[in-house]
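Structure below; questions to follow.
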There are 2 protein chains.
Amino acid sequence: MLYIGNMKPLSHPKMEDVTVEGILYAFSNPIRIRIYAELASAECTQICSAYRDITGAKLPKSTLSQHFAILRETGLILSERKGTELHNKTRCAELKKRFGPMIESIIGAYIEQNARNKKSAKKKKRI
Amino acid sequence: MLYIGNMKPLSHPKMEDVTVEGILYAFSNPIRIRIYAELASAECTQICSAYRDITGAKLPKSTLSQHFAILRETGLILSERKGTELHNKTRCAELKKRFGPMIESIIGAYIEQNARNKKSAKKKKRI
DNA sequence: TTTGGTAGTTCGTAATAACAGAACTTAAGA
DNA sequence: TCTTAAGTTCTGTTATTACGAACTACCAAA
């Protein structure tokens with residue numbers, strides 16, 4: 001394998017090696033599931049740094065970098081370096097082919113949960 | 001709260017406090033997702049010790065106890081002590097009401113993955 | 001072609017969580 | 001009452017995670 005400099009090349013697993021447990025583990029982290037959900041709803045590739053403020057507070061970039069690496073190595077996203085930027089998109093078509101409605105139903109439930117929480121937070125505020 | 005002896009009482013979260021991330025975390029462990037899948041397919045409550053050999057090797061009972069506690073405290077299963085035994089069943093109806101098809105699609109994908117792996121193991125053996 | 005800045009990665013380490021053996025609780029039966 | 005069985009809790013060890021600091025890679029302006 002060709003290495004340019006000291007950085008590891010980006011590696012993506014073959015879809016046949018992607019596991020249900022791996023995906024669930026990746027999604028069990030609130031930052032990662034959120035990144036995936038937003039990536040899935042985006043129309044074009046997104047760069048890593050676009051998610052620095054995803055939690056409200058500023059995330060350390062080393063942490064963000066690790067989360068993207070986990071999403072990538074789990075098989076959920078495809079990353080490509082363009083200049084200094086890391087461009088990302090989900091592997092949704094392949095994932096759907098392999099895991100059926102699983103991922104969509106997870107993200108659907110996640111989005112619904114957030115909507116519910118927002119509502120109840122508003123309610124609390126009003127009191 | 002009434003304590004009988006020194007053991008903590010079994011506590012189950014309200015379904016409204018159960019989270020998507022929590023469920024995914026619980027399922028990200030191969031032993032736990034397997035326990036849940038088997039519990040879901042069982043027709044009656046199952047005792048904890050029924051899963052001692054679930055991995056092929058004998059599991060330490062402290063480990064098994066912890067896994068059941070996590071499934072319970074995540075909101076996935078309902079446990080009840082009967083004598084010295086712990087009887088368990090899934091909270092599938094409530095879960096479905098709250099999370100829609102999510103859990104069924106996860107367990108479906110998990111079962112399919114196992115079937116696929118079994119097949120390819122057989123294939124390997126034949127060679 | 002140097003200099004400076006930006007985007008992201010890797011390394012080191014401190015905090016955190018998981019695992020499993022040992023000791024314990026509880027209950028049931030001889 | 002003694003013993004055994006089923007789980008739980010405690011505890012030390014091991015493995016993971018998170019984040020700051022140092023680093024690489026690339027680009028653009030001087």
Side-chain angles (χ1 to χ4, degrees), chain A residues 1-12 21-22 24-35 39 45-74 77-89, chain B residues 1-12 21-22 24-35 39 45-74 77-89:
Chain A
M1 195 177 265
L2 180 69
Y3 281 71
I4 301 170
N6 296 319
M7 259 152 123
K8 282 182 207 159
L10 298 174
S11 81
H12 298 87
E21 294 94 319
L24 300 181
Y25 164 74
F27 283 160
S28 73
N29 177 286
I31 296 168
R32 288 194 295 261
I33 193 170
R34 191 141 170 195
I35 291 172
L39 266 185
T45 64
Q46 296 292 305
I47 64 170
C48 182
S49 62
Y51 299 95
R52 288 296 303 275
D53 303 284
I54 202 168
T55 55
K58 206 105 184 160
L59 267 178
K61 54 187 183 167
S62 60
T63 302
L64 195 59
S65 175
Q66 294 287 7
H67 284 314
F68 271 90
I70 287 171
L71 287 169
R72 178 169 58 248
E73 285 158 23
T74 305
I77 68 170
L78 211 84
S79 309
E80 196 183 345
R81 270 197 247 281
K82 287 188 180 164
T84 61
E85 297 176 339
L86 189 71
H87 287 240
N88 304 280
K89 60 182 172 188
Chain B
M1 195 176 263
L2 180 69
Y3 281 71
I4 300 170
N6 295 320
M7 260 152 123
K8 283 182 207 159
L10 298 174
S11 81
H12 299 86
E21 294 94 320
L24 300 181
Y25 163 74
F27 282 161
S28 73
N29 177 285
I31 295 169
R32 288 193 297 260
I33 193 171
R34 190 142 169 194
I35 290 172
L39 266 184
T45 64
Q46 296 292 305
I47 64 170
C48 182
S49 63
Y51 299 96
R52 290 295 305 274
D53 303 284
I54 202 168
T55 56
K58 206 103 185 162
L59 269 178
K61 56 186 183 167
S62 61
T63 303
L64 196 59
S65 175
Q66 296 284 8
H67 284 315
F68 270 92
I70 288 171
L71 288 169
R72 177 168 59 247
E73 284 158 23
T74 304
I77 67 170
L78 211 85
S79 308
E80 197 183 343
R81 271 197 246 283
K82 288 190 178 162
T84 61
E85 297 175 337
L86 189 72
H87 288 240
N88 304 278
K89 61 181 172 188

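Please read all numbers here as calculations on a predicted model, not as lab measurements. Protein chains get the first letters and strands the later ones, always in sequence-line order, with residue 1 at the start of each.
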Problem set entry | B:Ser79 and B:Asn88: side chain donor to acceptor below 3.5 Å |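 The answer is yes; a qualifying pair exists.
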
Problem set entry | Non-neighbouring partners of B:Lys58 that pass salt bridge (charged side-chain N to carboxylate O under 4.0 Å, His left out), sequence neighbours left out |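 Listed in chain order: B:Asp53.
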
Exercise. With a non-hydrogen cut-off below 4.0 angstrom, is A:His87 in contact with a base, only sugar-phosphate, or nothing?
Worked result: nothing

For this session: Identify, residue by residue, the members of residues 48-62 of chain A with a heavy atom below 4.0 Å from DNA chain D, and return them in order of residue number, or none.
Result: A:Pro60, A:Ser62

Exercise. Are any of A:Thr84's side-chain N or O atoms less than 4.0 Å away from OP1 or OP2 of D:dC26?
Worked result: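 No, no such contact exists.
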
Problem set entry | For DNA chain D, the dot-bracket pattern of Watson-Crick and G-U pairs whose distances stay under 3.5 Å, | for other-strand partners | ||||||||||||||||||||||||||||||

For this session: Kindly say if A:Arg81 contacts the phosphate of C:dT9, meaning a side-chain N or O under 4.0 Å from OP1 or OP2.
Result: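 Result: yes.
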
Problem set entry | Close side-chain approach of A:Tyr51 to A:His67, heavy-atom, < 4.5 Å |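 No. Closest side-chain heavy atoms not under 4.5 Å.
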
Exercise. Closest to the A:Glu85 side chain: C:dA7, D:dA18, C:dA20?
Worked result: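 So the side chain of A:Glu85 is nearest to C:dA7.
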
Exercise. Less than 4.5 Å apart, any side-chain heavy atom of A:His12 and any of A:Leu78?
Worked result: yes

Seminar exercise, completed: Residues at least two apart in sequence or cross-chain that pass side chain to side chain contact (heavy atoms under 4.5 Å, CB included) with A:Glu21, listed by chain then number, are A:Thr19, B:Pro30, B:Ile33, B:Tyr110, B:Gln113

Problem set entry | Interatomic distance where CG belongs to A:Leu10 and P belongs to C:dG8 [whole Å] |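 Computing the A:Leu10:CG to C:dG8:P distance gives 11 Å.
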
Seminar exercise, completed: Rounded to whole Å, the CD-C1' distance (B:Glu73 to C:dA17) equals 14 Å

Exercise. Any side-chain heavy atom of A:Ile77 within less than 4.5 Å of one from A:Ile35?
Worked result: no

Exercise. Backbone N or O of A:Ile70 within a donor-acceptor pair of the A:Thr74 side chain at under 3.5 Å?
Worked result: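 Looks like yes, one N/O pair under 3.5 Å.
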
Exercise. Please give, in whole Å, the distance from C:dA20 C1' to B:His67 NE2?
Worked result: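 Value for this atom pair: 11 Å.
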
For this session: Please work out if A:Ile47 contacts a base, only the sugar-phosphate, or nothing of the nucleic acid, heavy-atom cut-off 4.0 Å.
Result: sugar-phosphate

Exercise. What's the CD-P distance between B:Gln66 and D:dT14, to the nearest Å?
Worked result: 19 Å

Exercise. Atom NZ of A:Lys82 and atom C1' of D:dA25: how far apart are they, to the nearest Å?
Worked result: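 Value for this atom pair: 17 Å.
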
For this session: Tell me, please, which residues at least two apart from B:Glu85 pass side chain to side chain donor-acceptor pair (under 3.5 Å).
Result: B:His87

Exercise. Of all of residues 25-32 of chain A, which get a heavy atom below 4.0 angstrom from DNA chain C, listed by number?
Worked result: none

Exercise. Does the A:Arg32 side chain pair with the main chain of A:Ala26, one donor and one acceptor, at a distance under 3.5 Å?
Worked result: yes

Exercise. Rounding to a whole Å, what distance do you find between A:Glu80:CD and C:dT9:P?
Worked result: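 From A:Glu80 CD to C:dT9 P: 14 Å.
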
For this session: Please report, rounded to the nearest Å, how far the P atom of C:dT9 is from the CD1 atom of A:Ile70.
Result: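 That distance rounds to 12 Å.
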
Exercise. Tell me, do B:Asn29 and A:Tyr25 make a side-chain contact under 4.5 Å, heavy atoms counted?
Worked result: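 They are not in contact (no side-chain heavy atoms under 4.5 Å apart), so the answer is no.
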
Exercise. Any cation-pi pair here, B:Arg34 with B:Phe27, using under 6.0 Å and within 45°?
Worked result: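 No, B:Arg34 does not lie over the aromatic ring of B:Phe27.
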
Exercise. Is a donor on one side and an acceptor on the other found under 3.5 Å between the side chain of A:Arg52 and the backbone of A:Leu59?
Worked result: yes

For this session: Mind calculating the distance between CG (A:Leu71) and C1' (C:dT9) to the nearest angstrom?
Result: 16 Å

